[in-house]
Amino acid sequence: PFWLKQAIRFPCLMTDSEKNCEKGASWISQADVLLLCTGAGFSADSGLATYADIAKVDAYAARGLEYQDVCRPLVTEPELFWGFWGQCFNDYRSTMPQEGYKIIDHWAETRFRHSEVA
């Protein structure tokens, strides 16, 4: 794996991991802004469907439609488009977020949301 190749090339990545974590935490604590990107797995941990599964609904399958098909029919089938995205919206609003979201929200509230830059 990539990380192992890097660890072999840069042994300090393995031996200095605690020091590097402390350094990273220090940089984050001094930052004015933090851009944090997560993937679909973060939402999946909350119980939400991933992109690969979100359109696996009997009504779509009966028509031979997959995710990319129900994302684009705004002009040709607006009811299908709005129904699909409306259901996604409702799922996101009604799902209790996993703990990671609370941690990020806490960081944002205590460190970044009220900064001069924000």
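Positions are given from 1, in the same order as the sequence printed here.
- Using a 4.5 Å heavy-atom threshold, the side chains of His106 and Arg111 count as separate.
- Here the side chains of Phe112 and Ile28 are in contact, with some heavy-atom distance below 4.5 Å.
- Counting heavy atoms from C-beta on, the side chains of Leu65 and Leu80 come closer than 4.5 Å.
- In this structure, Asp58 places its CG atom where only 12 or fewer heavy-atom neighbours from other residues, nucleotides or ligands lie under 6.0 Å away.
- Hydrophobic clustering (side-chain heavy atoms under 4.5 Å, transitive across Ile, Leu, Val, Met, Phe, Trp, Tyr) groups Trp82 together with Val70.
- The environment of Glu66 atom CD is sparse: at most 12 non-hydrogen atoms of other residues, nucleotides or ligands sit within 6.0 angstrom.
- Here Tyr67 and Tyr60 keep their ring centres 6.0 angstrom or further from each other.
- Cluster membership for Met96 and Leu48, using ILVMFWY side-chain heavy atoms within less than 4.5 angstrom, is not shared.
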Start with the C-alpha gap between Arg63 and Glu77, add the side-chain angles, then the distance that decides, and say whether salt bridge (Lys or Arg N to Asp or Glu O under 4.0 Å) holds. CA-CA 13 Å; Arg63 293 182 57 189; Glu77 291 187 76; 2.7 Å; yes
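- Between Phe81 and Cys71, every side-chain heavy-atom pair lies at or beyond the 4.5 Å cut-off.
- The pair Asp105-Arg113 counts as a salt bridge, with a side-chain nitrogen and a carboxylate oxygen less than 4.0 angstrom apart.
- Looking at heavy atoms from C-beta onward, Ile104 lies in side-chain contact with Phe42 at the 4.5 angstrom threshold.
- Under the 4.5 Å side-chain heavy-atom criterion for Ile, Leu, Val, Met, Phe, Trp and Tyr, Val57 and Trp85 are members of the same hydrophobic cluster.
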